[in-house]
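When reading the values below, keep in mind they use all heavy atoms of this one structure, side chains included, and skip hydrogens, waters and symmetry mates. These numbers come from a predicted model, not from an experiment. Residue numbers start at 1 and run along the sequence shown.
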Amino acid sequence: MANFEDTKVPTTAKIIMQKPYKTYSMELAGRTLSVDIGRASAQANGAAFIHYGDTTLLCTATATDKPRDGVDFFPLSVEYEEKMYAVGKIPGGFNKREGKASEHAILTSRVIDRPMRPLFPKDYRNDVTLNCMVMAVDPLCAPEVTAMIGASIATSISDIPFDGPISATQVGLVDGELVYNPTSAQRNVSDLALTVASTREKVIMIEAGANEVPDDLMIKAIYGAHEVNQQVIAFIDTIVAENGKPKHEYESVDTPADLWDDMVSFITPEAMEVAVFTDEKQKREANIREITDRLEERYAETHPEWLPLLADAVYKFQKKTVRKMILKDHKRPDGRNLTEIRTLSAEVDTVPRVHGSAMFTRGQTQICNVVTLAPLSENQKIDGLDENETAKRYMHHYNFPSYSVGETKPSRGPGRREIGHGALAERALLPVLPSEEDFPYAIRSVSETFESNGSTSQASVCSSCMALMAAGVPIKDMVAGISCGLVTGDTDDDYVVLTDIQGLEDFFGDMDFKVAGTHKGITAIQMDIKIHGLTRDIVEEAIRKTHEARNFIMDEVMSKAIAEPRPTVNKYAPKIVSINIDPAKIGDVVGKQGKVINKIIADTGVKIDITDDGMVSVCGTDADMIQKAIDTINIIVTDFYEGQVLTGTVISIKEFGAFLEFAPGKEGMVHISKISSERIAKVEDVLTMGDVVKVVCLGKDKMGRYSFSIKDCK
């Protein structure tokens, strides 16, 4: 037997007190925001252990020492990690640990990325990772906005080059009043879910879902959030002043002046303008390939060291040419004026036999949308950190195959961009969908990108809206979406806002401002920019121009294809009939071990869903079988009354009478004296097992059983 009495603690062990750390706090929307600096993750370039109420995250910023070889972009990764212990849950599945990022985590990562990315140097090529790990969730304080602030603090105090800080604020609209950083309960009843990120001077990112919020109220909400952001930025400035590290040097990858001068003089700005001035993407790309080939031939012998830099140099030349044409000459590459929308077309019933389909084309952007209807049991289940969001009945999926841009590569499933575009279109259409009570269907809408040259997400909104109407979904109003672009000069007053940007204007411009909505108001916004923020004049002009454009699209294009939802669902769609029963009767419908409900399903071929509040949805393709199932359920949950006429099946014969089943689990007896008007010796003389007969209810007998009569049935 082991003896541990002589075990000694090694004398070399020492107890070292943890280094002191600094805590900073402020009041934000009635709750305390506090940040611990120096408490955790000392080996990261920057780290902030941040608390908003009891919501707690560890936010870190790390960067490589050297640039990544062979990249012509800034390699930034943003990871928003949802830990299920943050809400006291053990993850589902076999492994019982967190797996790949949820859709919500991916969307949050994108929202953090969008305001942060423009503030890093454009020619920075070091890998940077921003990690925001959710460790505890307080329903009063959203972890998403906490993560955005934490990522800004971690990056700002690090030695990574960054022109921050930024701050973010969420805005809700509850009972007509704007609420900043709403609680979980407030978000659940809000008509607005708006997130605004700001720098010290300007708004740099907008993300919104809204219940037809008017333009003026949306602008008021945006700039109310901007004011709140200024308080947080002042707070962050205090932290940076005491803890900020000197920013490290990095290798610039700008085009050498000698290469630039020689290229411009050899090709000439006039020739480059001719090359890019076309509305055909393929022709423009062929023109640029020809220019690149000429330059490669020119430098192959004289300056071979320039060849690896040529792609960036030609891209920069295109960008300067396009921006100059738009800003100074008000000329767009495809010849449109600044507010002109590309050629539009719309059609419905593009794909036969599906439940609903539509195709929407804008220039060289084309989306085919297909809608599928199913019982509510097909809802998508959600296992996340928000306890109010456990399922969703409307799912919008967006696909972007390589052939849509003339490329070839295998499909590897949806990436972050595809998930983001699908979520944006989903958000735009949610406010106009009918309630589950009025339309008890799960709805899946799939946007297939046939061709892409700018703003496929907003084309998805338009095609999905038409497909929903074609499927017979009684949406409340038509929804359309459009995107505005921006080219800026040297001052805040020197800019041009473009309606309906194509791919080239998106690549070389400064903004992609997507707005979707009805005639009454906005349902979704997503704003991406490449500069350090927008003035209020630009935001207001973009919202006004998108309003005008989406009204034109709805009135002149979409409504010509389909003006309103069809009165009934497509003939190939399942039919669903709903009734409400007493929740206390649910057990009677289900039966012991599900025997009653399973018999109804077996007899009729329908699918039955029952909610805890007593709503029963019967789904099938045969209207007669649906009605038979409804009638059976009504019989089960309805107490028989004297004089009620029913149809029953003989299931047992005794000397004194016969027992009949009127519905699964519902039985009654017909006494031998009530079988026929004439006297009979034996029940078997008149009835046999399986006979279906009409009877009238006589009430309950002395034993509490329902008694019926065949002879008194008229």
Under a 4.0 Å N-O cut-off, is there an ion pair linking R336 with E505? yes
Any side-chain heavy atom of L28 sitting closer than 4.5 Å to one from V228? yes
Of all the heavy-atom pairs spanning Q502 and P333, show the shortest one and how long it is. NE2-CB, 4.2 Å
Is there a donor-acceptor contact under 3.5 Å linking the side chains of Y24 and N243? yes
Please answer whether the main-chain N or O of F507 pairs with a side-chain N or O of K530 as donor and acceptor at a distance below 3.5 Å. yes
Are there over 12 heavy-atom neighbours, none belonging to E296, within less than 6.0 Å of that residue's CD? yes
Determine which pairs satisfy salt bridge (charged side-chain N to carboxylate O under 4.0 Å, His left out) with at least one residue from residues 244-260, sequence neighbours left out, and list them in order. D254-K316
Judged by modelled atom types alone, do S252 and D123 share a side-chain donor-acceptor pair under 3.5 Å? yes
Check the side chains of N229 and T169 for a donor-acceptor pair under 3.5 angstrom, ignoring hydrogens and angles. yes
Apply salt bridge (Lys or Arg N to Asp or Glu O under 4.0 Å) to E280 and R284, showing your working. CA-CA 6 Å; E280 292 186 28; R284 182 172 58 249; over 6 Å; no
Cationic N near anionic O, under 4.0 Å, E81 to K83: yes
Lys/Arg-Asp/Glu bridge criterion (N-O < 4.0 Å) met for R536, E540: yes
State plainly whether the residues R31 and E27 are in salt-bridge range, i.e. N to O under 4.0 Å. no
Listed partners of T456 passing side chain to side chain donor-acceptor pair (under 3.5 Å), at least two apart: Y398
Side-chain donor-acceptor contact under 3.5 Å, S483 with D512: yes
Please determine if R427 and E207 form a salt bridge, counting it only when a charged side-chain N lies under 4.0 Å from a carboxylate O. yes
Side-chain contact, heavy-atom cut-off 4.5 Å: D334 with F277? no
For Y52 and L57, indicate whether the former's side chain and the latter's backbone hold a donor-acceptor pair under 3.5 Å. no
Polar side chain donor-acceptor pair, H397 to S447, under 3.5 angstrom: no
What I want to check is whether the side chains of H51 and T56 have a donor and an acceptor closer together than 3.5 Å. yes
Check whether any side-chain heavy atom of E103 sits under 4.5 Å from a side-chain heavy atom of L107, and report yes or no. yes
Spell out, as yes or no, whether a donor-acceptor pair under 3.5 Å connects the side chain of T546 to the backbone of I543. yes
With R125 as the cation and Y250 as the aromatic partner, state whether NZ or CZ is under 6.0 Å from the six-membered ring centre and within 45° of the axis. no
Distance-only donor-acceptor check, side chains E144 and T195, under 3.5 Å: no
Given side chains that start at C-beta, do those of L424 and Q458 come closer than 4.5 Å, heavy atoms only? yes
Pairwise side-chain contact, T60 with L130, heavy-atom cut-off 4.5 Å (strictly under): no
Which residue pairs pass the salt bridge (charged side-chain N to carboxylate O under 4.0 Å, His left out) test when at least one of the two sits in residues 260-270, sequence neighbours left out? D262-R298
Main chain of N399, side chain of T449: is a donor-acceptor contact present, judged purely on distance under 3.5 Å? yes
Going by heavy atoms in the side chains, are L486 and T488 under 4.5 Å from each other? yes
Between S198 and I233, what is the shortest heavy-atom contact and its length? O-CD1, 3.5 Å
Atom CD of residue position Q43 - does it have more than 12 heavy atoms of other residues, nucleotides or ligands inside 6.0 Å? no
Donor-acceptor under 3.5 Å (N453 side chain, T365 main chain): no
May I ask you to test the V196-M205 pair for a side-chain heavy-atom distance under 4.5 Å? no
For the side chain of Q364 and the backbone of K281, is there at least one donor-acceptor N/O pair under 3.5 Å apart? yes
Between T268 (side chain only) and V264 (backbone N and O only), is there a donor and an acceptor less than 3.5 Å apart? no
Measure from the side-chain N and O atoms of T199 to the backbone N and O of K202, and report whether any donor-acceptor pair falls under 3.5 Å. yes
Check this for me, if you would: do D36 and K22 make a salt bridge, where the nitrogen-to-carboxylate-oxygen distance has to be below 4.0 angstrom? no
Quick one: does I291's side chain get under 4.5 Å of F317's, heavy atoms only? no
Ion pair present between K324 and D329, side-chain N to carboxylate O less than 4.0 angstrom? yes
Is it true that D127 and K66 have a side-chain N and a carboxylate O under 4.0 angstrom from each other? no
Any side-chain to backbone donor/acceptor pair from S156 onto I153? Under 3.5 Å, distance only. no
Strictly under 6.0 Å, is that where the ring centroids of F49 and Y21 end up? no
For the pair F162 and F120, name the ring-plane relationship: parallel under 30°, tilted 30 to 60°, perpendicular over 60°. tilted
For T339, is there any backbone N or O sitting under 3.5 Å from a side-chain donor or acceptor partner on D500? no
Does K122 qualify as a cation-pi partner of F74, given the criterion of NZ or CZ under 6.0 Å from the six-membered ring centre and within 45 degrees of its axis? no
Does this structure show an ion pair linking R416 with E79, if we count only N-O contacts that are shorter than 4.0 Å? yes
Would you call the rings of H303 and W306 parallel, tilted or perpendicular, where under 30° means parallel and over 60° means perpendicular? parallel
